[in-house]
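In what follows, a single structure is set out as structure tokens and then discussed.
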Amino acid sequence: MSTSSRTYRFKTPISEEDVRRLRVGDIVYLDGILVGARDAAHKKALSLLERGEKLPIELEGLALYHVGPVVRKRDTGEWEVIAAGPTTSARMESVEADFIEKTRVRMVIGKGGMGLRTAEACKKYGAVYAVFTGGAAVLAASAIKRVVDVYWLEELGMAEALWVFEVENFGPLTVVIDSTGRNYYSEVITRAKEAMESILVKEPWRED
Amino acid sequence: MSIEDKIFEMLVSVIEKASTTMPSDVVDALKKAYEREENPVARKQLEAILKNIELAGKSRAPICQDTGTPYFYLKLGEDFPVRSKIYGIIQDAVREATKRIPLRPNAVDPFYERNSGDNTGRFIPWIELEVVPGDKLEVAFVAKGGGSEAPSTLVMATPLEARKKLWETVLRTVVEAGPKPCPPIIIGIGIGAGSDVAMSLAKKAAVLREVGSRHPDPKVAELEEKLLDAVNSLKIGPHGFGGATTALDLHIEYSHRHPATYAIAVSVACWALRRAKALMDSNGSWKFLDRR
């Protein structure tokens, strides 16, 4: 697999044309609006949309972030984002394709990779899945300039609420699934499996 | 200040140090991995990891927003002045640290699906206590993240096939986990008489032993090196982007086994190994052990 990597800086709303230029391994830094949502917010958003209701924020062209942040309210009433690294995206695999179709978000950001259905939705609707370095929670928080809004906080709690962040130079975001449907992680894992088989076939335990 | 208050303050400090800074041995290993990495995308991940560690230390913020499940491993000197009261002090220290740092509340009742809100609950924090000679108290605190707990594996092998199973289990666990446990990971392998023994030894091998250290038994040390090389030849790399370092280290710990049993367990720690160790004298003065 090629490891050529170009670096982009995008501002939301992101156009379909821009997102379709991205290829796996490219690195993006993001300015503008980033919407944080994980398990429960996905479920709630999709159930609202299925009932024909509107979401509290229009998501077309924006970036969606799988995150359960640690935030604190300052005495002034403003939110302070303390730690906001990505959570494991695989948990959202069963609903993400629907989410992309219905909201037309252009970037889905998380960690650990996503599956075939999400890759198909990226191809069909013009989106990418990118990862923010897992565990780098303070680096992520330092690029979040302010909390614009938070929805469903009382119902879902701090980690699961729908957070609307304004970000500056948010990244590095490495493209793992591009709009051609190519999946960087599937390729790495396929090669790792081949490497594993070639080790095991030599029966290294016989020398232990 | 009473000795109980001194223990409380030490424990809150230990939790804060573990949550907001990294042990020197892990930082050294991450820096080495960064220097040696040739894949540009993988290198970018290590760069972000090192930058994050620096930022977290400066702002005293948690390294990762998953601030983990609290584990305490204590070596209690038989002549240390406080003994059974330590359990209660640990509970109080976890509550205080959760507010003070702050930490994300991560203790959820599995039947009522309620979060306790303060990182304490039934059997949580998890405490393992060993009584040792002397009058000191040694504390190791680990905040264990959820993502790296998921790939934990246990295999009850037959003794005749055990070595084969060991190789297969370790490599399959790493491949199936792929990017999910936030590599570069630290792998702990436990071999033992029973399932629980193997799992417990594996967890401690992953989270407590210093990265870069080898087992004192040369035969075990040699197998650690062979398995580590094999894991890194899989080229999953930092955060699954390929590259040289899938695991920073691999540690094996074992107990004697039952003649019919060969339990093999694999435990994984993410790169953000939140561990801090401290040692307290009987007069209450104390110091960190795994920070320069």
Side-chain angles (χ1 to χ4, degrees), chain A residues 1 3-5 7 24-27 67-72 81-90 111-113 131-142 157-159 171-172 174-176 184-189 191-200 203-208, chain B residues 39-42 44-45 47-49 51-53 55-56 58-59 61-67 101-105 115 145-147 150 162-168 171-172 174-176 178-182 219 222-223 226 230 233-243 246 270-272:
Chain A
M1 178 179 36
T3 47
S4 74
S5 168
T7 301
V24 293
D26 285 349
I27 289 167
V67 66
V70 180
V71 292
R72 175 160 55 187
V81 180
I82 293 162
T87 190
T88 300
S89 300
K111 79 167 173 92
V131 311
F132 189 93
T133 307
V138 188
L139 184 65
S142 72
M158 183 207 285
T174 310
V175 178
V176 166
Y184 198 131
Y185 281 166
S186 310
E187 294 171 20
V188 168
I189 296 301
R191 281 182 310 148
K193 272 188 188 148
E194 287 163 9
M196 174 176 76
E197 294 308 334
S198 72
I199 292 168
L200 293 177
E203 305 193 341
W205 49 86
R206 291 191 186 279
E207 292 165 26
D208 287 352
Chain B
N39 171 331
V41 184
K44 195 81 189 164
Q45 301 303 314
E47 188 187 309
I49 285 169
K51 202 167 160 192
N52 184 69
I53 293 170
L55 282 174
K58 272 189 200 155
S59 59
I63 301 255
C64 177
Q65 80 291 334
D66 178 359
T67 53
I101 300 172
L103 302 175
R104 193 174 78 182
N115 193 316
R163 283 309 182 85
K164 177 173 185 249
K165 283 281 178 211
L166 177 64
W167 277 81
E168 286 175 356
L171 296 184
R172 290 226 162 97
V174 175
V175 170
E176 274 164 32
K180 288 196 280 283
C182 287
K219 208 168 171 179
E222 193 191 334
L223 184 56
K226 277 192 200 166
S233 75
L234 300 175
K235 298 269 183 278
I236 291 166
H239 283 292
F241 287 107
T246 302
C270 58
W271 68 257

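Below, read A as the first sequence line, B as the second, and so on, with proteins coming before strands; counting in each chain starts at 1.
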| request: Give the member of A:A141, A:G171, A:G68 that has the highest number of heavy-atom pairs under 4.5 Å with chain B. | output: A:G68

| message | To check you understand the geometry: which heavy-atom pair defines the closest contact between B:G242 and A:V188, and what is its length? | response | N-CG2, 4.1 Å

| query | Is there a donor-acceptor pair under 3.5 Å between the side chain of B:N52 and the backbone N or O of A:A137? | reply | yes

| said: Under 4.5 Å from any heavy atom of chain A, what part of B:L223 do you find: side chain, backbone, both or neither? | reply: side chain

| task | Sort A:E207 into side chain, backbone, both or neither according to what part of it lies under 4.5 angstrom from a heavy atom of chain B. | result | both

| said: The criterion is side-chain hydrogen bond (donor to acceptor under 3.5 Å, both in side chains); which residues satisfy it with A:K193, sequence neighbours excluded? | reply: none

| remark: Honestly, the part of B:S233 sitting under 4.5 Å from a heavy atom of chain A is both

| message | Given heavy-atom pairs under 4.5 angstrom as the criterion, report whether the side chain, backbone, both or neither of A:I82 touches chain B. | response | both

| Is it the side chain or the backbone of B:A230 that comes within 4.5 Å of chain A heavy atoms, both, or neither? | both

| field | Distance, nearest 0.5 Å, that separates CG of A:L139 from CD1 of B:I63 | value | 11.5 Å

| remark: For B:I236 and A:A192 the tightest heavy-atom approach is CG1-CB, 3.8 Å

| request: Would you mind checking which part of A:A84 comes under 4.5 Å of any heavy atom in chain B, side chain (CB onward), backbone (N, CA, C, O), both or neither? | output: backbone

| Top of A:P86, A:P69, A:S198 for chain B proximity - count of heavy-atom pairs under 4.5 angstrom | A:P86

| query | Just wondering, do A:W205 and B:L166 contact through their side chains at under 4.5 Å, heavy atoms? | reply | no

| said: Can a donor-acceptor pair be found, under 3.5 Å and without considering hydrogens, that links the side chain of B:Q65 to the backbone of A:A83? | reply: no

| said: Holding to side-chain hydrogen bond (donor to acceptor under 3.5 Å, both in side chains), I want the full list of residues that pass it with B:K44, two or more places apart in sequence or in another chain. | reply: A:Y29

| Which of the residues B:A272, B:G178, B:P62 is involved in the greatest number of heavy-atom pairs with chain A at under 4.5 angstrom? | B:P62

| task | Hey, could you give me the OG1/NZ distance between A:T88 and B:K180, rounded to the nearest 0.5 Å? | result | 8.5 Å

| CD1/A:I199 to CG/B:L234 distance, rounded to the nearest 0.5 angstrom? | 5.0 Å

| Relative to each other, are the rings of A:Y185 and B:F241 parallel, tilted or perpendicular (30° and 60° limits)? | tilted

| query | Where on A:V67 is there a heavy atom nearer than 4.5 Å to chain B: the side chain, the backbone, both, or neither? | reply | neither

| task | Would you indicate whether the side-chain heavy atoms of B:P179 and A:I189 approach each other to under 4.5 Å? | result | yes

| query | Side-chain contact, heavy-atom cut-off 4.5 Å: B:H239 with A:T133? | reply | yes

| field | Top contributor to chain A contacts, counting heavy-atom pairs under 4.5 Å, from B:R172, B:K219, B:E47, B:E222 | value | B:R172

| request: Take atom NZ of B:K51 as the centre, draw a 6.0 Å sphere, and report whether it contains more than 12 heavy atoms from other residues, nucleotides or ligands. | output: no

| query | Distance-only, no hydrogens or angles: does the B:W271 side chain make a donor-acceptor pair with backbone N or O of A:G134 under 3.5 Å? | reply | yes

| field | Region of B:K164 that comes under 4.5 Å of a non-hydrogen atom in chain A | value | both

| said: Taking the side chain as everything from C-beta on, heavy atoms only, tell me whether B:K235 gets closer than 4.5 Å to A:R191. | reply: no

| Sub-4.5 Å side-chain heavy-atom contact between A:K111 and B:C182 | yes

| message | Can you tell me which portion of A:V176 sits under 4.5 Å from chain B's heavy atoms? Options are side chain, backbone, both or neither. | response | side chain

